[in-house]
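Quick notes on the structure that follows.
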Amino acid sequence: MSAQSSQSPARIKAREWVIVLASGHTSPQSVAAVKAWLAEAEEHRQAFDAERQLWQELHLFEQVLAQAEPQPQCRPVQPRRAWKPAKRWAFAVPVMAALGVALFFAPDIMLHLRADYLTHAGEVATYTLPDGTSLALDAQSAVALHFSPTERRVELLAGRLWVDVQHQDTRPFRVVAVDGVTQDVGTAFFVGQDKNRVDIAVTQGRVLVGKQDAAMQTDLQVGQAAHYLRGGAVMRDPAVDPEDIAAWRYGELVIRNQSVADALRLIARYRRGPTWVWANTAGMDRVDAVLRNDHPDDAILSLINGRGLKLTHLPGNGLLITSGSR
């Protein structure tokens, strides 16, 4: 199939969709509209992929243009009709700005397009899947559903989930995260993904955890937990109280034996604004606490209290945590 012209109707529409998704103000309706448009024809998906690839390549030119130009030794003779390139560059400025925005939001664009369910900062939501399974998503989490006549598969794209599996349906139920699979064996369980680490814990019944295409599986029952890293084996963790597993579902944030930096990063998931930690927290006592995730600012205050950290409120509901003055 020949390449589409950059001015074909499909390419122009794809360009518009990329800008919409890169704006940072997408709505569920706009994301659904993009998905519907992509599903209409293979030509649409090819056009969308071409626009994304083009913008990524143009990023190289954006970096070059950002560099300081060398100063000439003398004033060059101005060519006749020099206004034409000037007009072109005047047009290029907003284009490059749009490119920068799109590239900054590129991971979010793909996450929105791939996800069937997605939550934002400070948002915890519960959904009923097509088979009747109850799915709870923690803040800043996303999943994609892959239901077929032979299986029910949930792909964890980001964040953390908890499922209470409907067992009237005989198809196997699996949660895929990074390069591992957690398979339900009559249960409710938690799966959390943080970069290349995946954590699993069981609140009811049991699950089988294994790496994809691997014959060996780890059997976990109520109160048992495990984790795995990308490319690594499944490792068992100490037992946990089933009441503590996915406590965010009912407004609690259970922190057990975590560093101060990790605990602050966890609480920040529930804030509707950016949080920066510019403090040396190494050597501080590890955190064991039960806090409210619906009042994250109060949780942060209680966490930094007595640890010599300073909290500064910034515009846009931002928080800056720094080392206090001695």
**Counterpart residues, salt bridge (Lys or Arg N to Asp or Glu O under 4.0 Å), relative to D199 (two or more places apart)** = R197

**Item:** Parallel, tilted or perpendicular: rings of H44 and W37 (30°, 60°)
**Value:** parallel

**Asked** Which atom pair, heavy atoms only, marks the closest approach of G159 to S141?
**Response** CA-OG, 3.3 Å

**Request:** Provide the full list of side chain to side chain donor-acceptor pair (under 3.5 Å) pairs with a residue in residues 231-244, sequence neighbours left out, each pair given once.
**Result:** H227-D237, D244-R256

**Item:** Qualifying residues under salt bridge (Lys or Arg N to Asp or Glu O under 4.0 Å), relative to E151, sequence neighbours excluded
**Value:** R153, R174

**Request:** List in chain and number order the residues that pass side chain to side chain donor-acceptor pair (under 3.5 Å) with E123, two or more places apart in sequence or in another chain; answer none if no residue qualifies.
**Result:** none

**Asked** Checking Q224 side chain against Q221 main chain: does a donor-acceptor pair fall under 3.5 Å?
**Response** yes

**Prompt:** Is the shortest side-chain N to carboxylate O distance from R230 to D179 below 4.0 Å?
**Reply:** no

**Request:** Taking all non-hydrogen atoms of both residues into account, name the closest pair between T133 and D164 and its distance.
**Result:** CG2-O, 3.4 Å

**Asked** Taking all non-hydrogen atoms of both residues, which atom of A142 and which atom of A115 are closest, and how far apart?
**Response** CB-CB, 4.0 Å

**Message:** List the residues meeting salt bridge (Lys or Arg N to Asp or Glu O under 4.0 Å) with D219, not counting sequence neighbours, and say none if there are none.
**Reply:** R206

**Request:** Report the C-alpha separation of D194 and R269 in whole Å, then their side-chain angles, then the decisive distance to 0.1 Å, and conclude whether the salt bridge (charged side-chain N to carboxylate O under 4.0 Å, His left out) test is met.
**Result:** CA-CA 12 Å; D194 186 2; R269 300 174 66 95; over 6 Å; no

**Message:** Distance check, rounded to the nearest 0.5 Å: D285 atom CG versus S259 atom OG?
**Reply:** 12.0 Å

**Prompt:** Side chains of H313 and D297: is there a donor and an acceptor less than 3.5 Å apart?
**Reply:** no

**Check ion pair K13-E16 (N to O, under 4.0 angstrom)** = yes

**Item:** Heavy atoms from other residues, nucleotides or ligands near NE2 of H295 exceed 12 (cutoff 6.0 Å)
**Value:** no

Scan the side chains in residues 273-284 for donor-acceptor partners under 3.5 Å anywhere in the protein, sequence neighbours excluded, and list what turns up.
unit_1, atom_1, unit_2, atom_2, d
T275, OG1, R271, NH1, 3.2
N280, OD1, A282, N, 3.2

